[in-house]
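One structure is given below, encoded as structure tokens.
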Amino acid sequence: MSDPLSNEQEHGRSRVGLPKELNALVSNFFSRWLDFSAEKNAVSPNQPKVEITESPNEVVVRAEMPGVREDDIDLEMSSDGYLAISGVRKQEQQEEDHDSYFSEFSYGSFCRCVPLPWDLKLDEAQADFENGILRIVFLKSPDEQNKKRKIAINRKQPQ
């Protein structure tokens, strides 16, 4: 038969531990949305690294894709503003020596989704691929081009 005192102590410990566990649960839940650390935003080795630049009239997305053939790349733009860059890295040749095999190269399929929060003319998008760099140019709609406005800063005089 169990000791009632130890049972109460056990229940007391679990009640005392509950706020700490609940706090950890809530922190973990919200940290997924609020954590912008480099670890969370890290790109897996098989995904292309991207660079997005904006000018007054266009948005340019560049993706590093060494070792990928143009025919193995697929581009899609979703209605909610995400550009999906997908494709396949193929291994053309394997080198074997004395029954050992070593490779740090990444092969296989990949997909990288990039949010583009602008109003873009998707039908006029153009893409080119040269020397392992994919470049996609999106023209901004006239409404998007007029969205930015300069905000004046009122400077207070020192007293």
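Numbers here simply count residues along the sequence, with the first being 1.
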Discussion item. Let's go through Gln126 and Asp128 carefully: what are the C-alpha distance in whole Å and the side-chain angles of both, what is the deciding distance for side chain to side chain contact (heavy atoms under 4.5 Å, CB included) to 0.1 Å, and is it a yes or a no?
Written reply: CA-CA 7 Å; Gln126 295 182 357; Asp128 57 69; over 6 Å; no

For a 4.5 angstrom cut-off between non-hydrogen side-chain atoms, does [X] reach [Y]?
X	Y	answer
Ile136	Leu83	yes
Val59	Thr53	no
Met65	Ile133	no
Leu116	Val61	yes
Lys121	Pro142	yes
Phe110	Val88	no
Leu134	Glu70	no
Tyr82	Val114	no

Item to complete: Show your working on side chain to side chain contact (heavy atoms under 4.5 Å, CB included) between Cys113 and Cys111 and close with a plain yes or no.
Response: CA-CA 7 Å; Cys113 290; Cys111 184; 4.2 Å; yes

Worksheet item: Got more than 12 heavy atoms from elsewhere within 6.0 Å of CG, Asp123?
Response: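 No, because the 6.0 Å sphere around CG of Asp123 holds 12 heavy atoms or fewer from other groups.
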
Practice prompt. Take atom CD of Glu54 as the centre, draw a 6.0 Å sphere, and report whether it contains more than 12 heavy atoms from other residues, nucleotides or ligands.
Written response: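 Yes - once you tally the heavy atoms of other residues, nucleotides and ligands closer than 6.0 Å, there are more than 12.
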
Discussion item. Between Asp143 and Ser141, is the side chain to side chain donor-acceptor pair (under 3.5 Å) condition met? List the steps.
Written reply: CA-CA 5 Å; Asp143 290 339; Ser141 71; 5.2 Å; no

Worksheet item: Should Gln145 and Asn57 be marked as a side chain to side chain contact (heavy atoms under 4.5 Å, CB included) after you check the CA-CA gap, both sets of side-chain angles, and the distance that decides it?
Response: CA-CA 6 Å; Gln145 291 177 23; Asn57 299 322; 3.2 Å; yes

Worksheet item: Any side-chain donor paired with an acceptor under 3.5 Å for Ser78 and Asp80?
Response: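 Their side chains do contain a donor-acceptor pair, which is all the 3.5 Å distance test asks for.
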
